[in-house]
2 protein chains.
Amino acid sequence: MSANSRLTIAAHALTWIGLYQRRGHEVATSEQIATSVNTNPVVIRRLLAKLSKAGLADSRRGAGAGWMLARDLEAITLLDVYQAIEPGPVFALHRATPNPECVVGHGIGPAMTAVYDDVEAALRRELAKTTLEDVLRDVLKAA
Amino acid sequence: MSANSRLTIAAHALTWIGLYQRRGHEVATSEQIATSVNTNPVVIRRLLAKLSKAGLADSRRGAGAGWMLARDLEAITLLDVYQAIEPGPVFALHRATPNPECVVGHGIGPAMTAVYDDVEAALRRELAKTTLEDVLRDVLKAA
DNA sequence: CTTGATGTAACAATTTTTGTTACATCTTTG
DNA sequence: CAAAGATGTAACAAAAATTGTTACATCAAG
């Protein structure tokens, strides 16, 4: 289906920073994170830029620069991360506007939108149940 | 985000057939449906083929051919339709496998999968609440 | 046996997502 | 105050997913 990996990558990045800081480091660079995620540093910076705007991460510039958490892992839910990356809708309506002359073509958009809104609300409620601390715990348990 | 429009189109098609039949017609052609949806008939046939495999619609071939519902609108939920179109995952994991040498890179996949499974379960529960009869009622109310 | 539709493969076009290059900018440190 | 090492971001490239189109074999009613 649609499905992009941004929530996964964003959660990965924040969790990585959290663990790294917990091990005594001040900041993590986008390059270090990118190595763990296995992608390009710019991809990480782009995501962290959004997380920063949302108040989940902070960056320091200049020499010895890098990223740090703005809040503890425990205080960040996956819903926070989800909202931060500005997700599009889970389900799309028609690409081309359906025939407005047809009763169904005319009314189906609003009808489905109402359902999709409820679905997304449920999705958010579910994401809100898990914090990054939970994620890290799960990660460490697997090791 | 990702988001494709297949669920929307499939629901549209089935609702259209349902209303058409309710108005006294035996079958609906993919061309008629495509006109309401504003797309190519083959797109409709492809989707209806899946809905047919899932036991939601039936086709008749030969002259005077077309599509009909296999069950009443009331007996088809949006979850039925969703399952029928074989949706991919809502959230994707990493495109390239993350660094397995890294604790986070190693454990994040399973950790996120667990969350995503719960999210999809919630999504399904929500879709199950609405039948195509509900959708049609909403559509007609808007007219 | 003609007609009008389905069934489906194969391909084309579009859009979305991800990756890459490049470089201006900032701040610590020597 | 210059050098070093990182962020911030635009612009472009590549890859993947989605949707649209063409083509044609097949089927069944009349």
Side-chain angles (χ1 to χ4, degrees), chain A residues 1-10 12-13 17 20 25-35 37-54 57-68 70 85-98, chain B residues 1-10 12-13 17 20 25-35 37-54 57-68 70 85-98:
Chain A
M1 208 180 200
S2 46
N4 61 52
S5 58
R6 286 195 276 268
L7 180 56
T8 302
I9 309 293
H12 185 155
I17 298 173
Y20 195 63
H25 302 87
E26 284 262 335
V27 297
T29 71
S30 62
E31 179 139 10
Q32 294 173 313
I33 302 169
T35 297
V37 171
N38 188 15
T39 184
N40 193 291
V42 175
V43 172
I44 301 299
R45 289 208 221 73
R46 267 198 300 235
L47 271 175
L48 285 176
K50 296 202 169 197
L51 299 175
S52 166
K53 273 185 196 161
D58 278 318
S59 69
R60 181 187 292 172
R61 304 192 58 167
W67 294 88
M68 56 186 62
I85 61 181
E86 301 168 12
V90 172
F91 296 108
L93 294 183
H94 310 68
R95 180 180 284 188
T97 347
Chain B
M1 209 178 200
S2 50
N4 63 50
S5 58
R6 285 195 276 270
L7 180 56
T8 302
I9 308 293
H12 185 154
I17 298 173
Y20 195 63
H25 301 87
E26 284 264 335
V27 297
T29 71
S30 62
E31 178 140 11
Q32 294 173 313
I33 302 169
T35 298
V37 172
N38 188 14
T39 184
N40 194 293
V42 174
V43 171
I44 300 298
R45 288 203 222 101
R46 265 198 301 235
L47 272 175
L48 285 176
K50 296 203 169 197
L51 299 175
S52 166
K53 273 184 197 161
D58 277 318
S59 69
R60 181 186 292 172
R61 304 192 59 167
W67 295 88
M68 57 186 64
I85 61 180
E86 300 167 13
V90 172
F91 296 108
L93 294 182
H94 311 67
R95 180 181 285 189
T97 343

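Residue numbers begin at 1 in each chain, while the letters A, B, ... track the order of the sequences.
Nearest nucleotide to the side chain of B:Asn40, out of D:dG20, D:dA4, C:dT20: D:dG20. The side chain of B:Ala63 approaches C:dT3 more closely than any other nucleotide in the set D:dA6, C:dT3, C:dT18. You'll find that the side chain of B:Arg46 is closest to C:dA10, out of C:dT20, D:dA6, C:dA10. Of the candidate nucleotides C:dA24, C:dA10, C:dT6, C:dA24 has the atom lying nearest to any side-chain atom of A:Arg61. Relative to the side chain of B:Arg95, the nucleotides C:dG19, D:dA23, D:dT7 differ in distance, and C:dG19 lies closest. Distances were taken from every side-chain heavy atom of B:Arg6 (C-beta onward) to each of D:dT9, D:dT18, C:dA9; the shortest belongs to D:dT18. Distance from the side chain of B:Ala65 is smallest for C:dA5 among the nucleotides C:dA5, C:dG19, D:dG20. Distances from the side chain of A:Val42 to the nucleotides D:dT21, C:dA22, D:dT19 place C:dA22 closest.
Rounded to an integer number of Å, the gap from CG of A:Leu51 to C1' of D:dG8 is 15 Å. The distance between atom CG of A:Asn4 and atom C1' of D:dA15, rounded to the nearest whole Å, is 15 Å. Distance, B:His94 NE2 to C:dT17 P: 17 Å, rounded to whole Å. Between the CH2 atom of A:Trp67 and the C1' atom of D:dG5 there is a distance of 15 Å, given to the nearest Å. Distance, A:Glu26 CD to D:dT7 P: 15 Å, rounded to whole Å. Between A:Leu93 atom CG and D:dT19 atom C1' there is a gap of 16 Å when expressed in whole angstrom units. Protein atom CD1 of A:Ile44 is 9 Å distant from nucleotide atom P of C:dG19, rounded to whole Å. Rounded to an integer number of Å, the gap from B:Asp58 CG to C:dT6 C1' is 13 Å.
When every heavy atom of B:Arg45 is checked against every heavy atom of B:Ser30, the shortest pair comes out as NE-OG, 3.3 Å. Nearest approach of A:Gly64 to A:Val27, heavy atoms of both residues: O-CG2, 3.9 Å.
Remark on DNA chain D: of its neighbouring residues B:Thr39 and A:Arg60, the 5'-side contact belongs to A:Arg60, judged by nearest-heavy-atom nucleotide. Checking B:Ala96 against A:Gly62, the closest nucleotide of DNA chain C that is more toward the 5' end is the one next to B:Ala96. Nearest-nucleotide positions on DNA chain C place A:Arg45 closer to the 5' end than the other of A:Gly64 and A:Arg45.
Note on B:Ser5: every side-chain N or O is 4.0 Å or more away from OP1 and OP2 of D:dT18. Look at A:Ser59 and you'll find a side-chain N or O under 4.0 angstrom from OP1 or OP2 of D:dG8.
Atom CG of A:Asn4 sits about 6.5 Å away from atom CD1 of A:Ile85, to the nearest 0.5 Å. Rounding to the nearest 0.5 Å places CD1 of A:Ile9 at 4.5 Å from NE2 of B:His94.
Residues B:Val37 and B:Val43 are not in side-chain contact: their nearest non-hydrogen atoms beyond the backbone lie 4.5 Å or more apart.
A donor-acceptor pair is defined here as one N or O able to donate and one able to accept, closer than 3.5 Å; such a pair exists between the side chain of B:Thr8 and the backbone of A:Ala92.
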